[in-house]
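Note that the structure is a prediction, hence the values are computed from the model and not measured. Letters go in sequence order (proteins before strands), and every chain restarts at 1.
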Amino acid sequence: MNPDLVRVRIAPSPTGLLHVGNARAALFNWLFARHHRGVFIVRIDDTDLARSTTEFEEDALDGLRWLGLEWDEGVGVGGPYGTYRQSDRIDRYRQVADDLIERGRAYACFCTPDELAAKREAAQREGRPPGYDGTCSTIASSAAAQRRDRGEPASTRFAVPRPGLTQFDDLVRGAVRFDHETIDDFVLLRSDGTPTYHLASTVDDVDYEISHVARGEDLLPSTPRHIMITEAMGAVPPNYAHLPLLFGPDGRKLSKRHGDVSLRHYRQTGYLPEAMFNAMALLGWSYAPEVTIFSREQAVEGFELSQVSKNPAVFDIDKLGWINGEYMRALPLDRFLDEARPFLVEQLGAETVRSGWDRFVGVAPLIQERVRLFSEVPSMAGFLFVETLAYDEDSWAKLMRGDQVVQVLDEARRRLDGLEHWEPEQIEAALRAMLEEIGIGARKGLQPLRVAITGSSVSPPLFESMAALGRDATFDRLAAARARLAAGD
RNA sequence: GGUCCCGUCGUCUAGUGGCCUAGGACGCCGGCCUCUCAAGCCGGUAACGCCGGUUCGAAUCCGGUCGGGACUGCCA
């Protein structure tokens, strides 16, 4: 193995939907790998069998694919190191744990969960550090082996060498050191024989020859443990880079309690993957001063872990929205149509969307430049699809009660009636002439028509909307609005 | 409580001793444009947590202090 080859990994644990924090970590790993022409690996950390599901695994892989973070080795694509799934490697972890016991670097612990809980509580109460007190570390290895052979349940704990010190150069934090006195003998193997995260993750990083571990800062305090395990295995630890955490608006680690923070949620709300990519890259990193929007290629070109910020970043939904709008407007029309369609179907039904599709296509470019999210499309374009218009009552109340509204509605129908070509230009000419004659401003005179045609005071440009709607439907709607007014509303 | 990490506009950040009377972006406010809304254009608001030191000179280096966060599980 080339010692200079960059090999990085992202290891989602499929116990929930992939959230933006993990996605951002994946993005940074991917950028680092691509920048250094290294290998990006996706592994599944599913040692928590009880909570892991294939749905969540699929969700994570889908999310990564959606963002365009294709991987070179790992689940789904294979590679020279097996299945890249921890549940397939339980024997390997046990083997490492047994080997560590044999070499005196770990020991069997017979304390029961209840005993440990009691000890922790007592320590807490007396103001002592709550870590494991090392009770079982003094049991002679022969005695311990006997008890295990007899079937007594035992976990395996790592024997932290004390006194001692573990220090390392974190690519984003710089020099970090931990005194072993503050690290207790942590569990490697649970009494049911399954490995903990510390063991499994570390063994995998060694076995898969990972060169750089870039992960959330929440794992910084665990790093000395991982380094100790690695060294006890006789391997050289990887480089570490601890990424600043993503916070919610309240300044705490982004989590469920900040609402739906799954990547899937953003995908379903109508954010574009390239916008998400761009926005997440800006969380703790900057491409260049004065540059906010940049391509995937530019990001790869410019990315360096050492330039990642140390400060936690608050996930700014407003900026994400703005970025999405930028990408939205830059989209080729056919892609816009493709992406928008499912959102219309969800709101209006497949048949309705099919029958109104051509009308929608007519004004789609005008809608495209007015929305930030695909989920906003139905409310802006719905009037093109429906048979009978549902008015936004606030708009109606505000704009349809004026004294000249009836006149505008009637006159508009009269003017439009004789139009030879049902095109925006002709419609505009006719209506402008009408405004002139009535002596009313465009602002005031056109708004009632907008409500009559689109049901809302906010819509795509009126003349184009009428043109796209079609002559018959336009007249129907003018008549409908007129009728409602006649009914005294 | 203990260990560790962090501290530039509300938010994301640029800044690595003089180019900083601190730059950009989002947001917000005002204006222009305008058939509404967007978009666009112009302008404005707003930050180096605090105290000491080093230095001719500090947002940048050092110390302290205060504040925030993460971790402290047979979760990951």
Spacing of the P atoms in B:rC48 and B:rC29 (rounded, Å): 24 Å
Sugar-phosphate only, base, or nothing, as touched by A:F315 at under 4.0 Å among non-hydrogen atoms: nothing
Complementary nucleotide of B:rC19, counting Watson-Crick and G-U pairs under 3.5 Å: none
Gap between atoms CZ and P, on A:F186 and B:rC75 respectively (whole Å): 14 Å
Per A:D45 side chain, nearest of listed nucleotides B:rC74, B:rA76, B:rG27: B:rA76
Nearest listed nucleotide, side chain of A:S191, among B:rA39, B:rC74, B:rC71: B:rC74
P gap between B:rG2 and B:rU65, integer Å: 13 Å
Ring centers of A:Y266, A:H19 separated by less than 6.0 Å: no
Quiz item: cation-pi between A:R252 and A:F247, 6.0 Å / 45°: no
Touch class at under 4.0 angstrom, heavy-atom based, for A:T292 against every strand present: sugar-phosphate
Base paired to B:rU11 (Watson-Crick or G-U; both N/O distances under 3.5 angstrom): B:rA25
d(CZ, A:R173; P, B:rG7) in whole Å: 9 Å
B:rC35 base / A:R443 side chain donor-acceptor hit below 3.5 Å: no
A:F374 ring center within less than 6.0 Å of A:Y271 ring center: no
Separation of B:rG2 P from A:D184 CG (nearest whole Å): 17 Å
Sugar-phosphate, base or nothing in reach of A:G216, heavy atoms under 4.0 Å: nothing
Touch class at under 4.0 angstrom, heavy-atom based, for A:C111 against every strand present: base
Paired nucleotide for B:rU3 [Watson-Crick or G-U wobble; both distances under 3.5 Å]: B:rA70
A:F294 CZ to B:rA25 P, straight-line distance once rounded to whole Å: 15 Å
From B:rC35, B:rC26, B:rU11, nucleotide with atom closest to A:V314 side chain: B:rU11
Residues A:E217, A:K310; criterion salt bridge (Lys or Arg N to Asp or Glu O under 4.0 Å); working and verdict: CA-CA 9 Å; A:E217 194 201 332; A:K310 301 184 214 289; over 6 Å; no
Nucleotide nearest A:S155 (side chain, heavy atoms from C-beta), chosen from B:rC74, B:rU36, B:rG24: B:rC74
A:L373 side chain near A:N324 side chain, heavy-atom distance below 4.5 Å: yes
Touch class at under 4.0 angstrom, heavy-atom based, for A:D218 against every strand present: sugar-phosphate
Residue A:V176, side-chain atoms from C-beta onward, closest of B:rU36, B:rC4, B:rU11: B:rC4
Of the listed nucleotides B:rG24, B:rG27, B:rG73, the one nearest the side chain of A:R120: B:rG73
Counter-base of B:rG52, judged by Watson-Crick or G-U geometry with both distances under 3.5 Å: B:rC62
For atom OH of A:Y391 and atom P of B:rU36, their distance in whole Å: 21 Å
Touch class at under 4.0 angstrom, heavy-atom based, for A:R128 against every strand present: nothing
Face-on cation placement of A:R157 at A:Y132 ring, 6.0 Å and 45° thresholds: yes
Sub-6.0 Å ring centroid separation between A:F28 and A:W285: no
Closest listed nucleotide, where the reference is the side chain of A:S309 and the choices are B:rU72, B:rU13, B:rU36: B:rU13
Sugar-phosphate, base or nothing in reach of A:H242, heavy atoms under 4.0 Å: nothing
Touch class at under 4.0 angstrom, heavy-atom based, for A:S222 against every strand present: base
Sugar-phosphate, base or nothing in reach of A:P460, heavy atoms under 4.0 Å: base
Touch class at under 4.0 angstrom, heavy-atom based, for A:L219 against every strand present: base
Inter-nucleotide P distance (B:rC42, B:rG27), Å rounded: 16 Å
Sugar-phosphate only, base, or nothing, as touched by A:L220 at under 4.0 Å among non-hydrogen atoms: sugar-phosphate
Any side-chain donor near an acceptor of the partner, A:Y93 and A:D204, under 3.5 Å: yes
Sugar-phosphate, base or nothing in reach of A:T182, heavy atoms under 4.0 Å: sugar-phosphate
Modelled atom types, side-chain donor and acceptor of A:Q86 and A:D45, under 3.5 Å: yes
Same-atom distance (P) from B:rC62 to B:rG17, integer angstrom: 12 Å
Minimum-distance nucleotide (side-chain atoms of A:R252 versus B:rA76, B:rC5, B:rG69): B:rG69
Sub-4.0 Å heavy-atom contacts from residues 321-330 of chain A onto RNA chain B, ordered by number: A:W322, A:E326, A:R329
A:E217 side chain, from C-beta outward: closest of B:rC71, B:rC5, B:rU8: B:rC5
pair A:Y391-A:M400: side-chain heavy atoms closer than 4.5 Å: no
Rounded distance (Å) that lies between atom C1' of B:rG40 and atom CZ of A:R370: 12 Å
Euclidean distance, A:L389 CG relative to A:S456 OG, rounded to 0.5 Å: 9.5 Å
Sugar-phosphate, base or nothing in reach of A:I293, heavy atoms under 4.0 Å: nothing
Atom-to-atom span, CG of A:L283 to P of B:rA25 - whole angstrom: 19 Å
Touch class at under 4.0 angstrom, heavy-atom based, for A:T196 against every strand present: sugar-phosphate
Per A:P312 side chain, nearest of listed nucleotides B:rC6, B:rA76, B:rC35: B:rC6
Under 3.5 Å donor-acceptor pair, A:K253 side-chain atoms to B:rA70 base atoms: no
Rounded interatomic separation in angstrom, taking CG from A:L366 and C1' from B:rC37: 12 Å
